[in-house]
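Report on the following structure.
Please read all numbers here as calculations on a predicted model, not as lab measurements.
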Amino acid sequence: MSRRYDASEIEPRWQRIWEEEGRYAASDDPDDPRPRFYALDMFPYPSGDLHMGHAEAFSGGDTVARYKTMTGHNVLHPIGWDAFGLPAENAAIKRGVPPRAWTEENIEHQAASFRRMGMSFDWSRRLETCDPEYYRWTQWLFLRFFERGLAYRKSSPVNWCPNDHTVLANEQVIQGACERCGARVERRDLTQWFFKITDYAQRLLDDMDTLIDWPERVLTMQRNWIGRSEGARVSFTIEETGEQIEVFTTRPDTLWGVTFFVFSVEHPAVRDLAARGGTLAALEPLVQEARAASMTSHEEADTKDGVFLGVHAINPVNGERIPCYAAPYVLMGYGTGAIMAVPAHDERDLAFARQHDLPVRVVIQPAVGELLDGPTMTEAYSGEGVMVNSGPFDGESAPASIAKVAAWLESEGRGRATVNYRLRDWLLSRQRYWGAPIPIIHCPTCGEVAVPDEDLPVRLPDDADFELGGESPLARHPTWKHVACPDCGGEAERDTDTMDTFVDSSWYFFRYCSPGYEDGPFRAQDVARWMPVGQYTGGVEHAILHLLYSRFFTKVLHDMELVPFTEPFPKLMNQGQVIYGGASMSKSKGNVVEPMPLVARWGADTIRLTMLFAGPFEDDIDWKLVGGEDEHRRPGPHAWLGRAFSVVADAVEHDEAIEPPQLVKLVHRTVKGVTEDLERFRFNTAISKMQVLTNEMRATLDGGGGAMAAARALAQLLAPFAPYAAEELWRVELGEPDSVHASTWPTYDPALVRADTVTLVVQVDGKVRATLEVPADIDEAGALETARGAEGALRALDRRTVLKEIVRAPRLVNFVTK
RNA sequence: GCCGGGAUGGCGGAACUGGCAGACGCGCGGGACUCAAAAUCCCGUGAGCUUCGGCUCGUGCGGGUUCGACCCCCGCUCCCGGCACCA
């Protein structure tokens with residue numbers, strides 16, 4: 001009756017044929033009339049083979065790309081590799097394999113797996129960031145940033161990973177530990193390269209309003225990371241030295257409540273002040289402790305710790321003399337590294353005040369009748385209220401008065417309104433080998449000199465020594481760094497650091513538009529045609545790092561007039577994680593499931609469908625629950641594909657049988673539903689609708705009816721999800737000459753989608769008492785009439801008085817009796 | 001602590017604008033086919049009660065709005081994720 005569904009035979013056959021046919025190449029023909037669509041997946045990092053996360057993300061991305069192709073778009077669906085980075089270098093150290101060899105091997109492995117998965121990539125645009133023809137342009141972009149003052153070198157305290165022997169960006173430090181290896185991050189003072197992303201803080205924030213198709217959580221994370229706060233800078237004078245020290249505060253309305261002053265222990269003025277006040281010995285341990293901690297996290301410190309510096313500050317608003325402290329709870333990395341302490345209205349200041357017996361003065365009273373008392377209060381009050389003890393501002397309501405106070409400070413020359421951001425400049429130097437060398441030459445006479453564009457790329461030497469310790473591999477290389485200065489010709493040295501790999505990944509999506517272009521990173525007209533990206537798909541782990549950096553790069557390129565837009569990815573879709581047994585997969589837990597063995601066992605289509613059917617794309621998938629406890633048990637989607645083959649084969653066998661109108665209508669409804677679901681990336685419900693169609697086809701065929709139109713629609717609707725099975729159904733079972741993936745997405749007739757009859761629900765007091773099939777175009781009177789006659793309603797209404805009738809023809813009638 | 005997202009059968013999930021809660025699938029139970037098993041197909045499957053007609057309860061908890069609430073409002077609990085002394 002029906003042939004057996006055998007993915008292991010079907011899939012490799014079509015994979016080969018598709019490659020011979022050269023499908024999936026995007027057209028750069030400017031006369032191609034089709035609208036363009038750029039379907040982009042976050043490019044993978046080549047460590048080992050594909051994992052379940054890749055399988056999930058790329059299954060979704062490929063479904064979108066294939067759907068867009070079938071709906072008449074000229075689709076750009078490229079693939080490449082984020083190929084620089086530490087794991088390659090660590091593998092080299094551990095196993096003696098050169099980083100390039102290790103990387104290439106993994107890439108070939110992953111590329112083969114992607115092909116096996118049936119991904120519709122345009123392989124002709126494939127790129128790798130470790131290719132000199134790619135990093136040449138990474139370096140070129142660095143030099144453009146350098147020219148514009150957006151790449152600069154400075155000495156600053158930085159995060160140092162003692163395990164990976166390199167510095168890290170703030171974004172790569174998670175709770176005081178290295179994002180990559182988990183080692184405790186140390187603080188070091190080093191001279192390093194930075195990108196001036198802080199210049200773009202406000203634009204990065206403002207333009208988020210246009211990213212309406214981004215997940216809310218990603219926008220929130222970026223907003224928090226940029227961390228804009230409005231407030232004021234106020235200058236305090238140190239009584240003993242006459243120095244002016246600035247603080248940043250979001251609450252200038254509490255200035256009259258300042259009772260002490262606190263420096264970060266790392267504040268540049270602290271040592272001298274402590275020396276002056278005779279408290280250097282007490283300060284020293286706190287300084288040492290801070291040094292040991294990372295840049296971003298001081299979690300070891302207690303808010304109550306701190307030492308008196310022996311000096312005093314003068315409050316500019318009332319001339320009061322207040323003691324100065326140094327304390328670890330004040331961060332050097334935020335604001336000015338010094339704060340005015342208002343213990344009555346700030347929790348941390350209050351804790352410190354109580355510990356050190358400092359006065360607490362209330363300057364905001366909440367409301368009449370609930371007066372706060374400084375000496376006895378146990379909780380700081382940061383809410384709204386009326387200003388008291390605040391000189392000219394007594395009686396004003398706070399914090400509404402902030403703008404007024406800031407204006408007053410400015411007119412008095414004691415401060416000014418300002419905006420502060422948490423965002424720091426992007427530290428991009430890495431003291432490692434496997435990255436794009438920073439194209440700068442340090443000349444004893446000319447200083448920092450850009451490598452001339454024509455000398456790019458600055459190539460990595462093949463014969464570096466990767467052993468850890470001492471200097472970085474490039475610094476240690478016997479000849480590599482020695483060059484003549486491009487300006488004066490004198491002896492000079494190359495910068496021996498490489499760039500953070502996030503620099504490579506901040507522009508790869510532009511390169512896909514102009515693969516192999518030799519006169520720049522991309523051709524402006526190619527980018528203008530293809531971009532911004534139509535749909536970007538990838539993991540939420542890039543919510544801050546990659547996505548913020550790429551937005552920054554795009555804005556800089558826009559300012560350079562190289563691209564006509566300011567946001568690269570207007571639409572973003574985050575797939576959920578694939579976990580196992582409620583926990584993320586990890587070797588140490590022994591719960592890692594690999595996708596490729598499952599593909600070998602059940603076929604790529606089944607694995608793709610299992611992932612997309614398991615739930616909403618953005619939700620996590622627990623493979624233990626959806627993949628089945630027993631790996632030998634046939635997955636549900638595999639059984640469904642088997643049924644699909646059997647119904648299509650039956651339909652063909654009985655193609656002379658009449659296709660009943662209910663089935664034809666269901667086909668149209670299914671086309672409509674699947675189309676709408678795809679537009680909203682609701683893959684799970686799209687698949688369920690196809691399953692309903694399959695079930696109905698089975699029933700129809702069993703009843704002697706035909707199902708040819710349904711079979712054709714099913715093959716086409718299935719194509720974006722299960723490309724191999726759909727192709728087999730289309731070309732082999734249905735005998736179509738050309739690929740299903742080149743066919744035009746089916747359309748539906750709205751007249752056929754509309755139902756002739758609908759279910760009328762009859763309620764009594766909101767409870768369902770009967771359901772009746774009624775004509776879809778029934779009017780209110782007819783609906784009411786019909787409902788009155790319903791048996792269930794009559795019974796329920798027995799001896800009750802109907803007070804009101806709610807009629808919503810044709811769906812519902814509700815009799816209200818009380 | 002702050003911010004964001006959640007909580008629906010044994011399980012994954014569905015319910016689009018406030019109108020039949022549980023689509024579809026998994027699992028489980030029963031049956032057909034088979035010497036048998038696997039595969040496949042058919043039927044059943046929220047809970048309790050039932051005179052087998054139905055009835056009652058049911059979407060984390062407590063209130064509210066409404067003819068009607070998984071959906072809207074107020075107050076909680078718990079879970080997941082992010083940030084975390086941000087002045």
task = May I ask you to verify if any side-chain N or O of R669(A) is less than 4.0 angstrom from the OP1 or OP2 atom of rA23(B)?
result = no

ask   = So do Q222(A) and N224(A) actually touch side chain to side chain, heavy atoms under 4.5 Å?
value = no

query = In whole angstrom, what separates D622(A)'s CG from rG25(B)'s P?
reply = 22 Å

ask   = Under the 3.5 Å rule, do the base of rG19(B) and the side chain of Q763(A) count as making a donor-acceptor pair?
value = yes

inquiry  = Any salt bridge linking R251(A) with D253(A)? Criterion: basic side-chain nitrogen under 4.0 Å from a carboxylate oxygen.
reply    = yes

inquiry  = Mind checking if R217(A) touches a base, just sugar-phosphate, or nothing, with heavy atoms under 4.0 Å?
reply    = sugar-phosphate

remark   = Taken to the nearest whole Å, NZ/K689(A) to P/rA23(B) is 14 Å

ask   = In terms of side-chain heavy atoms of N695(A), which of rG25(B), rG19(B), rA87(B) is nearest?
value = rG25(B)

query = Can you tell which of rA14(B), rC42(B), rC20(B) lies closest to the side chain of N684(A)?
reply = rA14(B)

note = Regarding the side chain of R808(A), the nearest nucleotide among rA15(B), rC67(B), rG13(B) is rC67(B)

key: Short side-chain donor-acceptor distance under 3.5 Å, Q763(A) and R769(A)   = no

key: CZ (R811(A)) with more than 12 external heavy atoms under 6.0 Å   = no

key: Listed nucleotide nearest any side-chain atom of A614(A), set rG12(B), rC67(B), rC85(B)   = rG12(B)

task = For rG29(B) and rU77(B), measure between their C1' atoms and round to the nearest Å.
result = 37 Å

ask   = Say you pick atom P in rC3(B) and the same atom in rG9(B); how far apart are they, in whole Å?
value = 29 Å

request  = Indicate, with a heavy-atom threshold strictly under 4.0 Å, whether R682(A) touches base, sugar-phosphate, or nothing.
outcome  = sugar-phosphate

request  = Write down the distance between CZ (F613(A)) and P (rC26(B)), rounded to a whole number of angstrom.
outcome  = 8 Å

request  = Take the protein atom CG of L609(A) and the nucleotide atom P of rC26(B), then report the distance between them rounded to whole Å.
outcome  = 13 Å

query = What does rG68(B) pair with, Watson-Crick or G-U, if both distances are under 3.5 Å?
reply = none

key: Nearest-angstrom distance, P atom, rC33(B) to rA23(B)   = 30 Å

key: P gap between rA37(B) and rC28(B), integer Å   = 16 Å

key: Which residue lies more 5' along RNA chain B, comparing T759(A) with G615(A) via nearest heavy atoms   = G615(A)

ask   = Base, sugar-phosphate alone, or nothing: which one does P215(A) contact when heavy atoms must sit under 4.0 Å apart?
value = nothing

From rA84(B), rC20(B), rG68(B), nucleotide with atom closest to R422(A) side chain = rA84(B)

key: Under 3.5 Å donor-acceptor pair, N224(A) side-chain atoms to rC83(B) base atoms   = no

request  = Using the C1' atom on both, measure rC11(B) against rU45(B) and round to a whole Å.
outcome  = 14 Å

message = By the 4.0 Å heavy-atom rule, please label R643(A) as base, sugar-phosphate, or nothing.
response = sugar-phosphate

remark   = Whichever of N420(A) and V540(A) has the more 5' nearest nucleotide on RNA chain B, that residue is V540(A)

query = When the P atoms of rG48(B) and rG82(B) are considered, how many whole Å apart are they?
reply = 41 Å

query = When the distance from CZ of F645(A) to P of rU40(B) is rounded to whole Å, what number comes out?
reply = 15 Å

query = What nucleic acid atoms does T685(A) come within less than 4.0 Å of, heavy atoms only: base, sugar-phosphate, or nothing?
reply = sugar-phosphate

inquiry  = Using the side-chain heavy atoms of S229(A), tell me which of these nucleotides is nearest: rA87(B), rG13(B), rC67(B).
reply    = rA87(B)

query = Is a salt bridge present between E676(A) and K672(A), judged by a nitrogen-to-oxygen distance below 4.0 Å?
reply = yes

ask   = Any donor-acceptor pair under 3.5 Å joining the side chain of T220(A) to the base of rC3(B)?
value = no

note = Here the distance between atom P of rG6(B) and atom CG of N574(A), to the nearest Å, is 14 Å

task = Can you tell me the distance, in whole Å, between the CG atom of D702(A) and the P atom of rC41(B)?
result = 10 Å

request  = Could you measure between the two C1' atoms, the one in rC74(B) and the one in rU65(B), and give it in whole Å?
outcome  = 11 Å

ask   = If anything within 90° of 0 is syn and all else is anti, what is rG9(B)?
value = syn

Heavy-atom check, side chain of E246(A) versus side chain of R416(A), under 4.5 Å = yes

inquiry  = With the 90 degree cut-off around zero defining syn, does rG75(B) come out syn or anti?
reply    = anti

message = Looking only at the side chain of V768(A) (C-beta and beyond, no hydrogens), which of the listed nucleotides rG19(B), rA14(B), rC20(B) gets closest?
response = rC20(B)

key: C1'-based separation of rU56(B) from rG5(B) [nearest Å]   = 35 Å

query = Does the pair E696(A)/R698(A) count as a salt bridge with the N-to-O cut at 4.0 Å?
reply = no

ask   = R634(A) side chain: which of rA39(B), rG13(B), rC67(B) is closest?
value = rA39(B)

message = Can you tell me which nucleotide in rA87(B), rA14(B), rG19(B) comes closest to the side chain of N814(A)?
response = rG19(B)

key: d(CG, D765(A); C1', rU56(B)) in whole Å   = 15 Å

key: Candidates rG4(B), rA87(B), rC20(B) - which lies nearest the side chain of V761(A)   = rC20(B)

request  = Please tell me if the side chains of I579(A) and M585(A) come closer than 4.5 Å, counting only heavy atoms from C-beta onward.
outcome  = no

request  = Determine which nucleotide pairs with rC2(B), using a 3.5 Å limit on both distances of a Watson-Crick or G-U wobble pair.
outcome  = rG82(B)

